[in-house]
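A short write-up of the structure that comes next.
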Amino acid sequence: QGKFFQGNLSRLVERGVVHPLPVRLVLASILLLLNKFFLAALIITFTVLIFTGNLSLVPEILPFAIAFVPLVLGFLIVASKARCRVCSCPLFHVRLCRKHRAAHYVPLVGIACSTALHLLFFKWMRCMYCGTAVRLRHRKPSEIASQQVAKSEDEY
């Protein structure tokens, strides 16, 4: 039996089907994280300005709020085409339905941002709807050979 069936497979091992447009997935995940960070910063800034009563700084912060609009539009354009290869559900738009039990989830971040973070850190992710593992790149023949050698050594 391999390490997968024993439950010892590392998270660093890339698994799953290869996505045909990996650049789109990476760009969508980066834009999603930037949108979340930017939105949180704007909400905190405007809340502090309202509670302190210092509304004279609003014209200085307004360009940042206006810059948020193209960022959101760019995310919507890129992420609308980033879909799962198996179920064809959008990978970074959260629907109000039941998610797969194996989907990536970090508390306080959300399921879409957790998926984006996992994709950027480990170069693979799971579809939050069907649970299919999606890889960013094809494996090189030398990597496949080295994994087969390591697998044969583990069997002894």
Side-chain angles (χ1 to χ4, degrees), residues 1-48 64-155:
Q1 296 286 343
K3 289 185 176 184
F4 177 75
F5 293 113
Q6 296 171 357
N8 298 330
L9 194 62
S10 170
R11 279 201 175 275
L12 297 176
V13 174
E14 296 174 17
R15 52 180 77 129
V17 297
V18 178
H19 198 275
L21 301 168
V23 175
R24 181 174 289 159
L25 288 184
V26 171
L27 185 61
S29 62
I30 290 171
L31 287 174
L32 173 68
L33 295 172
L34 282 174
N35 278 330
K36 295 289 185 175
F37 176 73
F38 213 93
L39 181 64
L42 283 175
I43 289 173
I44 290 170
T45 303
F46 281 118
T47 305
V48 168
F64 294 106
I66 293 171
F68 181 63
V69 174
L71 194 64
V72 170
L73 291 176
F75 168 72
L76 291 175
I77 291 169
V78 172
S80 67
K81 307 223 186 243
R83 296 185 167 272
C84 176
R85 297 231 15 223
V86 176
C87 67
S88 74
C89 289
L91 290 171
F92 297 108
H93 290 293
V94 180
R95 296 179 177 173
L96 295 177
C97 62
R98 185 176 294 238
K99 309 300 183 286
H100 196 269
R101 63 179 174 85
H104 307 292
Y105 180 71
V106 176
L108 301 175
V109 176
I111 196 163
C113 286
S114 301
T115 303
L117 285 171
H118 197 276
L119 177 73
L120 292 175
F121 285 137
F122 299 111
K123 296 185 183 91
W124 72 275
M125 62 177 218
R126 288 198 181 275
C127 173
M128 67 180 94
Y129 300 106
C130 68
T132 302
V134 178
R135 273 190 291 146
L136 286 184
R137 64 184 179 97
H138 291 282
R139 284 188 228 160
K140 298 174 185 168
S142 61
E143 292 176 358
I144 294 172
S146 67
Q147 283 184 349
Q148 289 174 347
V149 169
K151 182 179 177 183
S152 65
E153 289 175 357
D154 287 342
E155 291 176 356

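Quick caveat: nothing in here was measured; it's all calculated off a predicted structure.
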Residues which pass side chain to side chain contact (heavy atoms under 4.5 Å, CB included) with [X], listed by chain and number, not counting sequence neighbours:
X	answer
Val94	Lys99, Ile111, Ala112, Met128
Ala102	His100, Arg126
Ile43	Leu39, Thr47

Side-chain donor-acceptor distances from residues 21-37 under 3.5 Å, at least two apart:
from: Ser29; atom 1: OG; to: Leu25; atom 2: O; distance (Å): 3.2
from: Ser29; atom 1: OG; to: Val26; atom 2: O; distance (Å): 2.8
from: Asn35; atom 1: ND2; to: Leu31; atom 2: O; distance (Å): 3.2

Could you check if a side-chain atom of Leu119 sits within less than 4.5 angstrom of a side-chain atom of Leu136, using non-hydrogen atoms only?
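With C-beta onward as the side chain, the pair touches.
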Taking ring pair (Phe, Tyr, Trp, His ring centres under 6.0 Å) as the test, write out the residues that go with His93, two or more places apart.
Phe75
Ring pair (Phe, Tyr, Trp, His ring centres under 6.0 Å) partners for Tyr105, two or more places apart:
none
Around atom CZ of Phe46, are there more than 12 heavy atoms from other residues, nucleotides or ligands closer than 6.0 Å?
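For Phe46, atom CZ is crowded (more than 12 foreign heavy atoms under 6.0 Å).
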From CZ (Phe122) to NE2 (His104), nearest 0.5 Å:
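Interatomic distance, Phe122 CZ to His104 NE2, rounded to 0.5 Å: 9.0 Å.
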Between side-chain atoms of residues 76-88 and protein atoms elsewhere (two or more places apart, or another chain), which donor-acceptor pairs fall under 3.5 Å?
from: Ser80; atom 1: OG; to: Leu76; atom 2: O; distance (Å): 3.2
from: Ser80; atom 1: OG; to: Ile77; atom 2: O; distance (Å): 3.0
from: Arg83; atom 1: NH1; to: Ser88; atom 2: O; distance (Å): 2.7
from: Arg85; atom 1: NH1; to: Val18; atom 2: O; distance (Å): 2.4

For Phe68 and Phe38, take the angle between the two ring planes, folded into 0 to 90°, and tell me which bin it lands in: parallel under 30, tilted 30 to 60, perpendicular over 60.
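Correct class here is parallel.
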